[in-house]
Amino acid sequence: MDLRYTDEEEHFRDELRTWLSGVLPDVPPLPEDHTDLVARRAYDTDWQRMLYEAGYAGIHWPAEFGGRGSTPTEHLIFLEETERAGAPYVGVNFVGQLHAGPTLIAEASDAQRSTHLAPILKGEHVWCQGFSEPGSGSDLASLSTRAIDDGDDYVVTGQKIWTSFAQVADYCELLVRTDADAPKHKGITWVIMPMDAPGIEIRPIDTALGAGEFAEMFLDEVRIPKSNRVGDENDGWRVTNVTFAFERGTAFISEVISSQRLLADLAAVATRVTRRSGTAWDDAGIRRELGRLDAELDALWSLTKRNVSQAQRTGMVGPGGSVFKLAYADVRKRMADLAEQLLGRAGLAIGDTLDLSDLDHVGERLYTLTLTIAAGTSEIQRNIVGERLLGLPRGDR
Amino acid sequence: MDLRYTDEEEHFRDELRTWLSGVLPDVPPLPEDHTDLVARRAYDTDWQRMLYEAGYAGIHWPAEFGGRGSTPTEHLIFLEETERAGAPYVGVNFVGQLHAGPTLIAEASDAQRSTHLAPILKGEHVWCQGFSEPGSGSDLASLSTRAIDDGDDYVVTGQKIWTSFAQVADYCELLVRTDADAPKHKGITWVIMPMDAPGIEIRPIDTALGAGEFAEMFLDEVRIPKSNRVGDENDGWRVTNVTFAFERGTAFISEVISSQRLLADLAAVATRVTRRSGTAWDDAGIRRELGRLDAELDALWSLTKRNVSQAQRTGMVGPGGSVFKLAYADVRKRMADLAEQLLGRAGLAIGDTLDLSDLDHVGERLYTLTLTIAAGTSEIQRNIVGERLLGLPRGDR
Amino acid sequence: MDFELSDDQVALAEGVAALCEGRFDIESVRAMEVDGLDRGRWGELAETGVFSLCLAEDDGGVGLGWAEAAVVFEQLGRALVPGPLVAATLAAGLIEGAADGSTVVTTVPRSLGPAMVEHAAWADVVVISDDQGLWSVPAGALDGVDANQPLDPLTPVRRIDALPQGDQIGDAAAADAWRLRGSMLTAALQLGIAAGATELAVGYAKEREQFGRPIGAFQAVKHRCADMITRVEVLRAAVYAAGATLDGRGADSPERAVSVAKILASSAAAACGKDCVQVHGGMGYTWEVDAHLFLKRAWVHDLAFGEGSELAEELAAGLVS
Amino acid sequence: MDFELSDDQVALAEGVAALCEGRFDIESVRAMEVDGLDRGRWGELAETGVFSLCLAEDDGGVGLGWAEAAVVFEQLGRALVPGPLVAATLAAGLIEGAADGSTVVTTVPRSLGPAMVEHAAWADVVVISDDQGLWSVPAGALDGVDANQPLDPLTPVRRIDALPQGDQIGDAAAADAWRLRGSMLTAALQLGIAAGATELAVGYAKEREQFGRPIGAFQAVKHRCADMITRVEVLRAAVYAAGATLDGRGADSPERAVSVAKILASSAAAACGKDCVQVHGGMGYTWEVDAHLFLKRAWVHDLAFGEGSELAEELAAGLVS
């Protein structure tokens with residue numbers, strides 16, 4: 001156990017910092033209108049292209065597939081430094097970089113790999129994910145989007161939901177049911193759907209924060225060549241889960257770093273909020289909660305490093321990801337409560353805190369609602385932790 | 001809706017106050033050694049005798065059975081005033097007054113009533129309860145203490161747990177299984193067990209607070225005459241539940257009043273605890289939590305009155321009791337946390353708060369652990385509220 | 001002592017609930033986000049006497065008590081009826097046209113520095129309350145910026161960098177009464193929000209199936225719903241007690257009873273709103289499902305007429321006095 | 001950067017766990033409530049080098065680091081080993097006989113007014129820490145009353161109305177180090193308590209049947225257990241980081257890393273103790289089941305070497321500096 005970084009790791013960090021400090025001054029801020037997904041795509045893929053040219057694209061992809069082949073620790077450093085430097089986030093490249101790409105590396109044919117991998121790294125192709133359905137929710141494997149076998153093609157009809165950036169994506173990693181009679185996990189197939197195929201209708205989903213990246217996809221007899229299938233027919237559940245082997249405990253690194261920035265800002269807000277006799281900072285209860293949250297974020301940063309170390313040693317992380325997510329959601333929700341208490345009536349609008357802060361604490365408060373829902377609700381995470389980590393018996397889900 | 005008391009109710013209160021102020025100065029304090037249950041029995045039954053003589057015994061029992069036949073509101077006033085005046089609590093008379101007695105009133109034969117009711121009211125007979133078993137816990141109806149039919153008698157063998165004051169009781173309201181083959185709720189019978197019957201062994205159960213009122217009962221071929229059966233054979237589950245019809249929302253009145261006293265004392269402790277620069281009272285966070293708890297206790301007092309009013313109008317309270325208990329447990333546990341924070345190292349021993357208070361906040365802190373366990377765990381209460389009050393479907397228990 | 005609603009009070013609640021169902025159905029309510037306050041519907045609400053409920057009959061009011069107002073405002077909160085409902089009721093009899101809905105009145109506490117005024121864009125008159133009294137300003141005279149994205153889409157807010165003094169319409173005592181009654185009415189709205197969010201969540205938990213059964217059969221969801229209704233029932237007791245106490249039919253001082261209700265309301269309504277979102281899973285975070293509207297309204301009300309956390313601090317002082 | 005335990009560290013933890021299982025089984029531990037500290041077993045513990053772990057080999061110690069001490073103290077906490085373990089380790093090399101267990105040392109922070117001294121009845125020497133330094137007093141010289149019913153039956157306490165000055169055995173810097181290391185070791189004990197309480201609860205949840213199945217199959221119990229292990233894992237990361245940081249192998253300042261660990265420890269251990277009681281239902285409240293012992297020890301440790309709530313307040317200052 002040694003939490004210090006090795007010379008190689010520090011060298012990697014220094015190089016990255018040097019590069020970031022060179023390029024970031026010329027990177028424009030995010031497009032102001034966050035509902036303009038075309039602009040967002042252009043912005044994010046420009047940044048992806050810059051990463052590619054500097055050798056940072058596919059940081060965790062094996063070198064033979066065009067990635068950098070970095071260690072989990074270097075991956076951690078990359079995410080930490082880019083976030084601290086205020087570099088653009090992965091954005092529209094999220095699915096391609098972190099999910100579809102790794103799945104293709106593990107499971108696709110050589111032809112499929114050569115078609116798709118390089119364009120993902122270069123920011124040429126944007127991918128989206130067609131997994132969730134209105135009826136399936138936490139019970140993903142119950143999905144009912146149907147693929148009819150029609151010679152060389154599948155003909156796909158159904159509805160998908162929570163497909164981020166579907167509006168501007170080129171490809172979709174899609175799960176379809178190819179055998180309606182098999183047990184639910186055994187009749188699913190993983191296919192690549194070109195987003196320009198006829199029969200795809202996309203409707204944006206507005207959230208509690210208003211318009212954004214999410215969409216529903218209505219698929220009406222969309223014809224997808226069987227050559228776009230990845231893995232065997234009816235083996236899609238396994239194919240989907242193979243990406244978990246790529247999980248290295250790095251999923252929330254940017255979040256932890258940005259949460260620390262948010263918390264420091266809340267402390268600063270506390271010194272600016274006037275109360276009867278002084279400021280909110282004079283309130284020991286508020287200072288105590290700030291201190292507790294600071295401690296918990298610090299511990300979560302340690303837990304992240306521990307998960308990453310485990311991935312580095314063993315090649316995988318266990319249910320440590322679920323543990324992290326449960327704890328992180330709790331911290332962020334308490335930060336949101338504290339923000340509410342501090343802002344008072346300055347919290348009545350999104351984006352105007354009566355000059356108490358430049359950060360959007362009200363928007364962040366709404367965002368925290370997703371942390372116990374998206375990517376596996378906390379209820380599902382607790383089932384996972386209880387059953388896989390503690391070995392408790394399965395009951396009702 | 002009028003929360004003021006009627007003239008009759010105020011008259012009842014005045015009379016009671018007058019009586020209490022006359023007799024309480026001569027009532028000694030509780031026996032110092034709280035492990036001496038013989039002394040406790042004598043103390044509690046003496047007080048019961050005084051209540052009887054003053055006409056306050058069986059306050060909610062119908063007059064035809066020797067009770068006072070008071071309204072639920074008078075019952076509330078009685079419990080409020082006795083607690084505020086620091087009168088003895090019902091103690092060893094708990095089961096007789098509040099559970100076995102009402103059950104006998106509703107279900108027993110005339111002969112059984114004439115044998116048992118008056119001695120309960122006069123403090124001559126002490127009852128205990130033999131319902132829970134080590135194996136049955138939250139699933140009370142799964143009890144396995146077996147009664148073999150042997151002519152005029154039942155011969156009972158099994159084990160009971162959490163039998164308060166078994167050591168000094170005269171009778172036990174006992175649930176036994178008379179039909180092992182019937183569905184679990186259909187094979188139970190309610191019987192009166194004289195505690196001097198041969199074959200009863202009693203072992204005290206110590207709790208996290210040390211020695212106290214609880215005991216286990218080991219029953220080895222205890223012979224109980226069938227004439228001691230109350231209600232029909234195998235109808236004991238219904239008989240047991242009939243006492244709920246006597247529930248008038250009064251169960252926690254003494255607790256709410258004494259909690260208010262505890263909270264006021266915690267506030268006083270806060271003014272005595274020295275901190276770096278001043279006292280704990282200067283800490284806005286602590287004042288805020290005190291204020292919140294004060295508000296919540298006040299609301300629980302209102303909820304109590306609402307439940308009692310409902311009982312007065314309709315003759316029964318619904319799942320309001322479960323709602324109350326869930327909320328009350330939460331408040332008391334937060335009071336315990338606050339006490340811990342205030343006492344600091346003065347909380348290292350039970351009964352010595354380094355002169356910060358005369359009350360035993362450390363013992364109270366341990367006591368609060370029972371509030372989510374005893375008389376139906378919070379898990380069971382939430383099932384009840386979810387299913388009976390909200391109509392949610394039954395799932396796994 | 002009788003804590004039960006009278007038959008008249010029950011009938012009143014049912015009447016308001018029916019009115020809301022018919023005229024403030026959620027589609028009509030949501031339309032106001034774009035179209036602004038529907039003054040026609042506002043007038044209809046006024047016509048039923050909602051705003052003049054506690055005004056004496058001699059003054060043209062209904063002559064009922066604050067207990068009745070609590071019952072009515074619970075229903076308004078439950079239906080997410082938008083607009084400055086509390087201010088309208090407080091201003092009835094004080095500002096011409098408030099009671100009949102022809103003048104829309106909103107209110108804001110005076111603060112140092114910039115202020116956020118709810119409903120400024122919908123209102124004709126703004127009443128500013130401070131320690132000295134009540135002050136009236138025409139809404140049009142309030143220079144400021146209407147927020148692009150108010151926290152609650154149905155509670156528009158305007159940022160005013162410096163509130164004007166205004167014309168005095170009430171003395172310090174009137175301002176005290178304004179705040180006290182406003183606090184109780186807001187707590188009653190919160191009660192309705194908590195109850196409405198609970199109903200929505202429970203309804204969804206009964207219908208939505210996952211893993212082959214309604215999600216309400218799973219303890220994780222069932223127990224969350226149980227906690228929601230527990231908060232609602234405790235809060236309801238506190239709010240009704242506050243209403244009755246304002247009518248002189250209570251046990252405590254009105255100040256204490258109202259504080260208790262508002263403190264409970266502020267935590268219960270927001271917690272029920274959050275739980276309602278969570279029970280709905282992903283759908284709970286969509287704009288389309290009403291869960292976020294309950295939560296946002298709960299947050300907004302917590303900031304009006306005394307924040308729960310500040311009132312709690314004040315209440316504590318009574319423990320050592 | 002490597003956060004994983006080395007093979008040696010894993011072996012060390014396993015060794016201490018085995019020692020505890022053999023010599024500090026729960027019956028032997030519980031016997032000390034009546035019989036007092038078992039000095040034989042205490043000596044055996046000392047002999048394995050537990051107290052002299054971080055003492056240099058030249059000074060007769062084992063010469064390992066604070067990261068190793070964290071791992072060892074986790075196991076001691078998990079086994080509910082009683083006695084002034086932290087003081088023994090801090091005093092090794094400072095007070096004759098502390099390291100080999102022949103002198104039992106306890107410690108107390110100096111306070112205004114009366115003090116509660118843990119383990120006074122079991123100790124030979126009491127070390128008082130204050131801002132000026134460390135002060136030693138023979139335990140027998142401390143006049144006071146041993147509590148009849150200490151909160152934790154295995155942590156006897158003596159009430160001392162006025163602590164004597166004592167003989168100085170360390171300066172202000174030594175007192176700072178004493179507190180810092182003591183805080184980390186206490187957090188490590190808390191980690192073990194949290195982990196031990198979780199294991200006990202999970203084991204019971206797998207075995208105890210109600211309504212025809214193990215209670216751990218019910219979400220209410222399963223999710224509670226999941227929350228317990230979540231706290232444990234987060235705390236473990238913080239405690240190991242604090243240990244490594246005290247050895248100069250960390251990223252932060254030792255003061256910050258140790259504060260973080262102790263703050264997390266104080267809430268996690270007590271919460272796991274309470275949950276362990278709750279999972280056991282009625283049995284959890286009995287003296288016979290160990291659940292209450294975990295909870296009580298957790299409460300006691302929160303009060304030693306910096307209460308979580310006070311440390312949190314101090315940590316916050318760093319956010320605005």
Side-chain angles (χ1 to χ4, degrees), chain B residues 132 134-139 141-142 161-162 184 204-212 214 216 272 274-276 283 285-286 333 336-337 340-341 343-356 360 362-363 365-370 372-374 377-380 382-383 395-397, chain D residues 108-109 111-118 145-153 155-159 161 208-213 215 217-221 224 267 270 273-274 277-289 291-293 295-296 299-300 302-304 307-310 313:
Chain B
S132 294
S136 63
S138 290
D139 186 8
S142 71
I161 195 170
W162 301 117
K184 62 183 180 181
I205 304 175
D206 290 353
T207 70
L209 267 168
F214 296 107
E216 284 180 295
R272 287 180 210 122
T274 52
R275 290 282 171 88
R276 270 152 293 187
D283 183 321
I286 283 173
K333 292 198 170 196
D337 289 342
E340 186 188 356
Q341 195 185 346
L343 291 178
R345 294 183 62 82
L348 280 172
I350 297 174
D352 181 356
T353 60
L354 299 185
D355 317 326
L356 289 169
D360 181 13
V362 179
R365 193 203 305 174
L366 286 166
Y367 163 72
T368 62
L369 296 173
T370 67
T372 46
I373 295 175
T377 64
S378 289
E379 287 83 354
I380 295 294
R382 289 190 175 97
N383 280 346
D396 281 354
R397 292 289 66 216
Chain D
V108 66
S111 56
L112 295 171
M116 287 288 204
V117 182
E118 293 164 46
V145 181
D146 287 319
N148 200 22
Q149 223 186 334
L151 171 58
D152 171 19
T155 307
V157 293
R158 182 176 296 168
R159 179 193 169 128
D161 280 324
R208 168 75 169 174
E209 295 203 0
Q210 294 271 274
F211 304 103
R213 60 180 62 196
I215 60 171
F218 300 112
Q219 283 188 329
V221 175
R224 190 181 292 277
S267 50
K274 286 180 197 170
V277 170
Q278 183 68 24
V279 167
H280 281 79
M283 292 310 295
Y285 194 62
T286 62
W287 191 267
E288 169 193 349
V289 169
H292 71 110
L293 297 178
L295 174 56
K296 289 167 173 175
W299 276 333
V300 167
D302 180 30
L303 300 169
E307 283 174 56
S309 56
E310 291 178 5
E313 220 181 302

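Per chain, numbering begins at 1; letters A, B, ... match sequence-line order. Please read these numbers as outputs of a predicted model, since none were measured by experiment.
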* **Ion pair D/Glu118/B/Arg345, N-O distance below 4.0 Å** => yes
* **Taking every non-hydrogen atom, the tightest pair across D/Trp287 and B/Thr207** => CE3-O, 3.0 Å
* Asked: When heavy-atom pairs shorter than 4.5 Å are enumerated against chain D, which of B/Gly347, B/Gly135, B/Gly351, B/Ser132 gives the highest number?
  -> B/Gly135
* Can you check whether B/Ser138's main-chain N or O pairs, donor with acceptor, with D/Gln210's side chain at less than 3.5 Å? -> yes
* If every non-hydrogen atom of D/Val157 is compared with every non-hydrogen atom of B/Ala349, which pair is closest and at what distance? -> CG2-CB, 3.9 Å
* To do: Please look at B/Asp337 and chain D and tell me whether the side chain, the backbone, both or neither of the residue comes under 4.5 angstrom of a heavy atom of that chain.
  => side chain
* Stepwise side chain to side chain contact (heavy atoms under 4.5 Å, CB included) test for B/Glu340 and D/Trp299 -> CA-CA 8 Å; B/Glu340 186 188 356; D/Trp299 276 333; 2.9 Å; yes
* Asked: What part of D/Leu112 is in contact with chain B, defined as an atom under 4.5 angstrom from a non-hydrogen atom: side chain, backbone, both or neither?
  -> neither
* Donor-acceptor pair, side chain of B/Gln341 and main chain of D/Ser309, under 3.5 angstrom -> no
* To do: Output the option from B/Val362, B/Leu209, B/Ile161, B/Thr274 having the highest count of non-hydrogen pairs under 4.5 Å with chain D.
  => B/Leu209
* Asked: When only pairs under 4.5 Å are counted, which of D/Glu313, D/Arg159, D/Glu307, D/Met283 shares the most heavy-atom pairs with chain B?
  -> D/Arg159
* Asked: Taking every heavy-atom pair that is under 4.5 Å apart, which of D/Gly282, D/Pro156, D/Ala115, D/Ala291 has the most such pairs with chain B?
  -> D/Gly282
* **Pairwise distance CZ(B/Arg275) to CD(D/Glu310) - rounded to 0.5 angstrom** => 5.5 Å
* To do: For each of D/Ala270, D/Ala220, D/Gly281, D/Ala147, tally heavy-atom pairs with chain B at distances under 4.5 Å, and name the one with the top tally.
  => D/Gly281
* **D/Val145 and B/Asp352: CA distance, side-chain angles, deciding distance, side chain to side chain contact (heavy atoms under 4.5 Å, CB included) verdict** => CA-CA 10 Å; D/Val145 181; B/Asp352 181 356; over 6 Å; no
* Could you tell me whether the side chain of D/Lys296 and the main chain of B/Leu366 form a donor-acceptor pair under 3.5 Å? => no
* Structure fact -> Nearest heavy-atom contact between D/Tyr285 and B/Tyr367 is OH-CA, 3.7 Å
* Structure fact -> The interface call for B/Ser136 against chain D, heavy-atom contacts under 4.5 Å, is backbone
* To do: Look at D/Glu288, D/Arg208, D/Arg224 and state which one has the largest set of heavy-atom pairs under 4.5 Å with chain B.
  => D/Arg208
